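Since the structure is predicted, the reported quantities are computational estimates derived from the model, not experimental observations.
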Amino acid sequence: SVTGDQYVGGLVGSNQESSVGSCYSVGYVTGTTDIGGLVGWNDATVTNSFWDTQTSGQAASAGGTGRTTAQMRNITTFTGAGWDIVLIGDYFNETWYIDNGNDYPRLGWQYP
């Protein structure tokens, strides 16, 4: 969960000069102004990134694409965005893997 006053995002509060790409957030976000499910305020680039609109409590973000919990737990959300992701049973050395329908993506170093 993330709580603040201004520039509050699930992953990035204020993005002025950086690129944000191929990432996601699922935590609850609350604040007063410039609040977003993924990014609170943005004046740069956000690509291929998502936030869970249900768990975050946020329907909007200054960058990224909002998806439901079911969509966030579906590999097609991420393969459609060009992520290096595979199903957990097919994991070899990819950046991401997912237990499709049951969990959010996980980084390869988290592989059991």
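- Between G36 and V29, the closest heavy-atom pair is O-CG1, 3.6 Å.
- Note: W51 CH2 to L38 CG = 7.0 Å, rounded to the nearest 0.5 Å.
- Cluster membership check: V12 shares its hydrophobic cluster with V46, using side-chain heavy-atom separations under 4.5 Å among Ile, Leu, Val, Met, Phe, Trp and Tyr.
- One side chain, Q54 or T69, offers a donor N or O that lies under 3.5 Å from an acceptor on the other.
- For Y97 and D90, the side-chain atoms include no donor-acceptor pair closer than 3.5 Å.
- Hydrophobic clustering, with ILVMFWY side chains joined whenever heavy atoms are under 4.5 angstrom apart, groups I75 together with M72.
- Side-chain contact check for N100 versus N74: some heavy-atom pair is nearer than 4.5 Å.
- Atom OG1 of residue T77 and atom CD1 of residue I85 lie 9.0 Å apart, to the nearest 0.5 angstrom.
- R106 contributes atom CZ, which lies 8.0 Å from atom CD1 of I88 (distance to the nearest 0.5 angstrom).
- Pairs passing the ring-ring contact (aromatic ring centres under 6.0 Å, His included) check and including a residue from residues 60-88, sequence neighbours excluded, read F50-F78, F78-W83, W83-W96.
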Could you go through the side chain to side chain contact (heavy atoms under 4.5 Å, CB included) check for L11 and V39 one step at a time? CA-CA 6 Å; L11 183 68; V39 181; 6.0 Å; no
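- Rounding to the nearest 0.5 Å places CZ of R67 at 11.5 Å from CG of D52.
- Between the side chain of S61 and the backbone N or O of G64, no donor-acceptor pair lies under 3.5 Å.
- Atom CD of E17 sits in a sparse spot, with 12 or fewer heavy atoms from other residues, nucleotides or ligands closer than 6.0 Å.
- Qualifying side chain to side chain contact (heavy atoms under 4.5 Å, CB included) partners for A44, counting only residues two or more places apart in sequence or in other chains: N15, N42.
- I98 is listed as a side-chain neighbour of L87, based on a closest heavy-atom distance under 4.5 Å.
- Judged by distance alone, with hydrogens and angles left aside, the side-chain atoms of D84 form a donor-acceptor pair with the main-chain N or O of T95 at under 3.5 Å.
- Side-chain atoms of V8 and T3, non-hydrogen and from C-beta on, never get closer than 4.5 Å to each other.
- Taking every heavy atom of both residues into account, S25 and G37 meet most closely at OG-O, 2.9 Å.
- Atom CG in D34 sits 5.0 Å away from atom CD in Q6 (nearest 0.5 Å).
- Side-chain atoms of Y91 do not come within 3.5 Å of backbone N or O of P112 as any donor-acceptor pair.
- With 3.5 Å as the limit, one finds no donor-acceptor pair spanning the side chains of Q16 and D43.
- No side-chain heavy atom of S56 sits less than 4.5 Å from a side-chain heavy atom of V26.
- Counting all heavy atoms, side chain and backbone alike, S49 lies closest to S22 at OG-N, 3.2 Å.
- Annotation: side chain of Y104 is in contact with side chain of T55 (closest heavy-atom distance under 4.5 Å).
- Going from atom CD of E94 over to atom CG of L107 covers 12.5 Å, rounded to the nearest 0.5 Å.
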